[in-house]
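Okay, structure first, notes after.
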Amino acid sequence: MDDVTGAASHALLGELCRRAVELVNAGGAGMRRVRLQSGDAVVELEWPEPAAEAAPAGAHPGPARPPAAPGRTVDPAVPAGPEDAAGAGTAHEVGAPVVGTFYRAPEPGAPPFVAVGDVVEKGQQVGIVEAMKLMNPVEADRAGRVLAVVVPDGTHVEYGQTLLTLDPGEAP
Amino acid sequence: MDDVTGAASHALLGELCRRAVELVNAGGAGMRRVRLQSGDAVVELEWPEPAAEAAPAGAHPGPARPPAAPGRTVDPAVPAGPEDAAGAGTAHEVGAPVVGTFYRAPEPGAPPFVAVGDVVEKGQQVGIVEAMKLMNPVEADRAGRVLAVVVPDGTHVEYGQTLLTLDPGEAP
Amino acid sequence: MNAPEPAGPLFASVLIANRGEIALRIARTCRELGIRTVMVYSEADRDSPALRLADRRVRIGPAAARRSYLYPPAILEAALGAGAEAVHPGYGFLSEDADFAEMCRAEGLRFIGPPPEVIAALGDKTQARELAAAAGLPVLPGSPGALSSGQAAKDVADGIGYPVIIKAAAGGGGRGMAVVDDPADFARAFAETRASAQAVFGDARVYVEKYVRGARHVEVQVLADLHGNVVSLGERDCSVQRRRQKLIEESPAPGLAPGLTAAIGEAAVSCARAAGYVGAGTFEFLVDGAGRFFFIEANCRIQVEHPVTEMVTGVDLVREQLRVAAGLPLAAGAGAAARGVSIECRVNTEDPGRGFLPTPGLIEEFVPPGGPFTRVDTHGVPGVRVSADYDSLLAKVVVWAPDRDQAISRMDRALEEFRVSGRGVCTTIGFLREVLAHPDFRRAEHDTSLADEMTSGRRRTLQGAARP
Amino acid sequence: MNAPEPAGPLFASVLIANRGEIALRIARTCRELGIRTVMVYSEADRDSPALRLADRRVRIGPAAARRSYLYPPAILEAALGAGAEAVHPGYGFLSEDADFAEMCRAEGLRFIGPPPEVIAALGDKTQARELAAAAGLPVLPGSPGALSSGQAAKDVADGIGYPVIIKAAAGGGGRGMAVVDDPADFARAFAETRASAQAVFGDARVYVEKYVRGARHVEVQVLADLHGNVVSLGERDCSVQRRRQKLIEESPAPGLAPGLTAAIGEAAVSCARAAGYVGAGTFEFLVDGAGRFFFIEANCRIQVEHPVTEMVTGVDLVREQLRVAAGLPLAAGAGAAARGVSIECRVNTEDPGRGFLPTPGLIEEFVPPGGPFTRVDTHGVPGVRVSADYDSLLAKVVVWAPDRDQAISRMDRALEEFRVSGRGVCTTIGFLREVLAHPDFRRAEHDTSLADEMTSGRRRTLQGAARP
C-alpha cells in the first residue's frame, strides 16, 4: 500500500508541468523549446521552427497529473503506435471505488463478473468491493475489452487501486 | 543519504524557475537560450534565431552578485559592446582590504592618493583603510584609469566594499 | 496512580484517522512509544509530508472529506485491513462522532476517546448543559432543551433578556450560532440558525442561552482513566477568536484570580466525573467581567491547542490518551504543578484582510521558527500544497517562558522569524503579531470580541506596532 | 535576587561576534529583549540564513577565520562602526580570548563574558587547576604548573603513575592532548603535544595529569552576577565524545547519586566564587568509577550544549548573560529546581565511517524534526552551503521528557524524522541513533570511551538497532 515514492514523483512531475506553463507564459510568443529536469523527471516542450507558419502558440501539452478518480487511461503494456487515434491502443484502468475487499464474483463459487478477453459496456458491473458489509459495485467507466484482472479475488484494496484494465479500442 | 525527494526538489526547481523568469525579463527581446542547473535540477529555455536584425539590447549574462572578493570586474556604467575583448571596457572594482574607515589621503589636508582620471599601476596605493589604529594600504590589484571614487573620504566601510573603480582598458 | 508499566508497547499498531499537523503529532508520540502507525489519506493528501512518519499508509478516498476522512466504512476497512488495534481520531472529522466510536467498538477496534455513550451525552449541547447543571456547575440562563417552535423560543429569549445566543445542539467549531440583541430580529435568526444547523450538522435542533458580552473563553484540560483518576491539567484562555474560531490560546489564563481558576478547574473535574469521562477532554467556560464563570460545553477529543498545556505541565497528552485507551492508569506526574506561561498562535493560510478567506496554494518558501522554548507543530515543508478541501491550519507556533511578557516577546520573535510564501498564499502571521502588540492583549484586558473588532475596524489595529 | 527591572532594553545594540547556529541563538534572545543586533560575517557566510535575523550585517573579512571571526580589529571596527554597545562572542573563536575582552573594554564596548582577568586565569589550565585546588576542590594528581623539560615531565609522570594525560595549558575543544600508557612512549608524546600546542594555540606550554579511564565527563552550569549571586543550574553529562569532542549531552547526569551531583554543584559554585566569576560559565569534572570527582577545567563562555540546561531549568541562559553584562542581578528563578531530563545530539556534517571527516557541501533537503518537547537550534535551511572553513556543527537537536527513557525514545524519534541530504554530505544522525540504542548508554553505564570504541570496532555497534 506504500506508494509514497510514486506519489512523490507524480507530484514532482505535476510541479514541473506547472512550472513549465509559468515559463511559457513568461517567455512569450516565439519560444522554441522549454526543458525542465529534476532528478529523473523531465519535461520538454518544443514548438516548430518559426519559419513554419502559425504554430499553436498557446497549445501547451502539459501532461495531466495522475488521475484522482478511479478510472484513467495510460500507456498499455501491449505495444501500440503512439500515432493512433486518441484512446485507441491505450489501457484504461478501473479502480476501486472504496477501500475494502475486492471480489470478482457476486458470491463464493459463482462465475466471475468478467474474464480476460470479455468485452464490457460502460456502466457494466465488473466486480465488487465490500466495505463494512456494504457491497459496492465496481463498474466499467467506459467500454472495452478486459486486458487483465490485476488484483486477485478476495484482496484488500485501497481507494483508487487498479482492479482491472480495459482496452478501449476493442469496444464493440 | 536519502534521495532528494518532493519538497527540496520543488523548492530548488521553484527557485530556478523564478531566476529564469528574472533572467528572461532582464534579457529582454532577442534572447535565445537560458539554461539553469543546480544539481539534478535543470531549466532550459530557447527562442528561435533572431531574424538578423535587432541587436541584443545589452544581453546581461545574469545580474551580478555582490562582490566575493575585494577586486572584481563588472559591466561598466559607460556603455560598451559586449563583444569587445575580455577585460577591455569593463570596470574593475577595488575593494576594502579590511573593515574600517576609508581615507583617500595619507593624512588630513594632504592631497589624495589618486583622483578620477588618474592612471594607476598594479600595486599602487590608492587609499587607506584604518582599522583599530592600523593603517591598511588599499592597493590597485590591476592597472587602469580611475573611473570613480565610490566612497567618500572618512567613510566606515565593510570588508570588500567597493572603494573605487578602474577602467583596465585604459592601462598604460 | 502508580502501577507497574507494561513491558511492550501499549498497542502494536494504531490507525490515525486524521490528516495534517495532528496526524503528525499523534504519529510522533506513537513512534516514541514503539507503536506502529497506519495513516489514512485522501487523494488530495497523497503528497502530504505527514505520511512520511507513518509505518503504513492507506488511501481511503477522494479529496472530499465526506468520502474519505468523514466516511466511517473507509476508515474502518483501512484499520481492519492493516491490522490496527486502535483508532486515534485526532480532532474534527470523526473525533466526536458517537456512532463512529460505537462502530469501532463493534469491530473490536479500540477508539481512542471516551465511550460512545459519553460522546453522545456531551456532544448534545443541551444534554451537556443539563448534565453540568446537575453536577452543580453554573450554567447560563437558557432553554432547558432544544426548541423547535419559533414562538416558544422567543418566549424563552424574552424571559432571559437580550442579548441571547441561539446555538445548534449538535454544533461545534464555532459554527451554527447567532447572537440576537433586538427581540425584533429573533424570529429570523432562529429560522436561519435552524436551517444552517440542518445543513451543516444534519440536525436542526437549536437552543437559546443568555449571551455574555465582554466574556473570556476559558477551558480546562482534563484527563481521566478507567481507574477512577480524574485530574485537571490547568486551564487555557482562548479569548482571541475570529468569528468564534480560536487564533491564540494560552495557559494559564492571564489576569484571573488564582481562586477563580482553581474553582473552574474543580468544576471541570466534577463535571467529568459526573459524565463518566475517560481520556483527554476539555470543559469550556465563559468568564464574565464580574469574575463569574459558566459552563458552556465539553469537547470529547484532543484539542488543537493542547500543546500549551503540554508546555506548562510537561505532560504528553497524546501519550496519556494512549495509556488510558490501553487500560493503564494516568502516568505519575500527570496533574503535577504547571510552570511558567505558554502561548500558541495558529498560522492559517487565510487572508485577514478579506475576512480570513482561505488562500490555498503551493507553499514555496517555508522556514518555521526554532530556538529556545519554541515548538512548531506543522505538516508544512517547502513545496507542500495547501488544499482547499480542508481547514486552513498550516502551523501552530507554541512558546514557553517564565512569565507572560516574556512569552509574548518570544512569540513575536518566533512569528517574525517564520517565513512562509507562495503565490496567492496569505497567512495570519501579520495579524497575530498585531494582536500580540495590542495594549488590551498585553494587559490581558481583552475578551472574545478583540480579534473581530480589530478586523472590522471597530478597534484600533495598531498597524505595524509589533515591528521594531 | 529580586530588583526592579529596567524600563528599556538591556542594551540598544549588541554585536554578535560569531556565526552559524549560535549567532542565531543569541540573535533570538536579543530580539525578544528588544535589543538590536549587528551580525558580522565572512565571505563564506554571505548567504547564511542566520543573517536574516540581524538588524544589521557587517562583512568583516574573507572565509579564513583568522582574517574574519578570529581577527579582533575587524570585529571591533564593525562594532564601533555600527554603534554597538556590547559584544557577544558566542563560543569558540574569540569567546575565551582575554586580550579581545580587554580590547573591548578599552574601546568602551561591553564584553559579554567574565572580565579579562578571570578569562586569563581560568583559560590557563594549570592556573585554573591551582585556583580550584586552593578553593578546596579535588584535582587529579599532576604537575603543579607547565613543564618545558621532557625529563622533568617524565619524572612527574613516573611519580603519578601511568596512564597519564599530557595537556596543552592553553588548550580547549578537545585538542592538544595525549594519553600515555607506557613510560617508553612518554618522551615522544610530550614532544608531539608541545609541537601541536604551539601550532594550534600558539603556546607550547603543557602539563601532565593522571589519566582516569572509564570516567564520566560531568560539567556544572554556573551563573554569577556582579551583586555576589552565584548559582548552579545543575550538571550536564557529556560522556559521549568522539576523540574528546562532545556528541551527546544530557541533564541531569544519569546514574550518579543525588548527593554526588549536589557535591559537584557546590564545588563548582565555590570555584566560581574563588575565581571572581561573572556571567555564564561551566566547570568541568571527571567522575571515576568509584564515584570520586575531580575538577579538570573551566569554560568562560556559553557552551554548545547549554540548551539541555535551559530545557530542564526553564532559564534562558543567553538572557542571563545579557542581564549580568548590563549590571543587573540574575533573574528571579535562575537557580530554581530542574524538571525532567533533557538530551542534546549534535548533528554534524561528518562521516562517522571515516573518522568523522567533515563533509562540507550544499544541503539540498533539510527538514528538521519538530513536535512536542523537541527543540532544534540550527542555521540550516534547504539550499544552505556548509563551508569547509568552519566547524561541522549543522544542528543541535534537543528534547525534554519526564524521565530518561522517554527522552531517549523522543530523541530517536526526532533524529529519525530529521531529513538532511546533499551530494557528498554525510551526517552523524545514524551514528547518534546507534549510540542511543547502545545498551551501555541506555543503562547509563557508558563512559567517555563509548563513541570511540564503537567507531573503532572495539565495542559492538548494534547496526540498525535503533530502527524498528
*Return the option, out of Gly340(D), Ser409(D), Pro372(D), Ala414(D), with the maximum number of heavy-atom pairs under 4.5 Å with chain C.*
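Option with the top pair count is Pro372(D).
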*Contact leader toward chain D among Glu310(C), Met411(C), Glu417(C), Lys396(C), where contacts are heavy-atom pairs under 4.5 Å*: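 Most heavy-atom pairs within the cutoff with chain D belong to Glu417(C).
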_Partner chain D: residue of Pro307(C), Pro49(C), Gly371(C) with the largest heavy-atom pair count (under 4.5 Å)_ =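 Between Pro307(C), Pro49(C), Gly371(C), the count favours Gly371(C).
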Heavy-atom proximity to chain D below 4.5 Å, by part of [X]:
X	answer
Val318(C)	neither
Val367(C)	side chain
Arg319(C)	side chain

*For residues Leu53(C) and Glu416(D), determine if any side-chain heavy atom of one lies less than 4.5 Å from a side-chain heavy atom of the other.*
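Contact flag for Leu53(C)/Glu416(D) side chains = no.
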Please look at [X] and chain C and tell me whether the side chain, the backbone, both or neither of the residue comes under 4.5 angstrom of a heavy atom of that chain.
X	value
Ala337(D)	backbone
Pro369(D)	backbone
Val376(D)	backbone
Arg410(D)	both

*Neighbours of chain D found in residues 397-408 of chain C - heavy atoms under 4.5 Å*: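 Contacts with chain D: Trp400(C), Pro402(C), Gln406(C).
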*Taking only residues two or more places apart in sequence or in another chain, which ones pass salt bridge (Lys or Arg N to Asp or Glu O under 4.0 Å) with Arg419(C)?*
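By the salt bridge (Lys or Arg N to Asp or Glu O under 4.0 Å) rule, Arg419(C) matches Glu365(C).
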_Please report the interatomic distance CZ(Arg28(D)) to OG1(Thr374(C)), rounded to the nearest 0.5 Å._
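If we round to the nearest 0.5 Å, Arg28(D):CZ and Thr374(C):OG1 are 7.0 Å apart.
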*Spatial distance of atom CZ (Arg413(C)) from atom OG1 (Thr29(D)) [nearest 0.5 Å]*: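 It comes to 7.0 Å.
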